[in-house]
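Shown next, in structure tokens, is the structure this report addresses.
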Amino acid sequence: MIHKYEVYLEAGVQEYWIIHPSEKTLFIYTLSEGNYVPSKLYTMGHIVPSSVIKGFELDLEWVFKDLD
């Protein structure tokens with residue numbers, strides 16, 4: 001995760017998502033003033049919007065439904 005952070009920061013990636021399938025969680029890192037700001041912890045039941053891709057939302061119930 002550290003390597004991805006550094007590479008994405010250098011490339012100017014505006015937003016990236018880290019999904020932890022075993023924990024059924026999601027963090028979003030959004031570029032702000034040259035640094036990434038982490039989101040709150042998202043879990044089952046959340047519908048998560050992207051701040052970069054307008055209109056895109058990810059339903060975590062759908063993402064994690066077959067992991068039990």
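The figures that follow rest on heavy atoms only: side chains count, while hydrogens, waters and symmetry mates do not. Quick caveat, the model's predicted, so the values are computed rather than measured.
- In this structure, Trp17 CH2 and Ser39 OG are separated by 9.0 Å, a value rounded to the nearest 0.5 Å.
- Checked against the 6.0 Å centroid threshold, Tyr36 and Tyr5 count as a close aromatic pair.
- Linking ILVMFWY residues whenever their side-chain heavy atoms come closer than 4.5 Å, directly or via other members, leaves Ile28 and Val37 in distinct clusters.
- Linking ILVMFWY residues whenever their side-chain heavy atoms come closer than 4.5 Å, directly or via other members, places Val48 and Met44 in the same cluster.
- From Thr25, atom OG1 reaches atom NE2 of His46 across 11.5 Å, with rounding to the nearest 0.5 Å.
- Here CG of Leu26 is found 11.5 Å from CD of Glu23. Values are rounded to the nearest 0.5 Å.
- Scored by the side chain to side chain contact (heavy atoms under 4.5 Å, CB included) test, Ser51 finds Glu15, Thr30 as partners (sequence neighbours excluded).
- Under a hydrophobic-cluster definition in which Ile, Leu, Val, Met, Phe, Trp and Tyr are linked whenever side-chain heavy atoms come within less than 4.5 Å, directly or via other members, Tyr42 and Phe64 are assigned to the same cluster.
- Residues Ile47 and Leu58 have side chains not in contact (no heavy-atom distance under 4.5 Å, counting atoms from C-beta outward).
- Partners of Ile18 under the side chain to side chain contact (heavy atoms under 4.5 Å, CB included) rule, at least two apart in sequence or in another chain, are Met1, Lys4, Tyr16, His20, Tyr29.
- At distances below 3.5 Å, at least one donor-acceptor pair connects side-chain atoms of Glu61 with backbone N or O atoms of Gly45.
- Under the 4.5 Å side-chain criterion, counting only non-hydrogen atoms from C-beta, Leu31 is not in contact with Tyr8.
- Between the NZ atom in Lys65 and the CG atom in Leu60 there is a gap of 13.0 Å [rounded to 0.5 Å].
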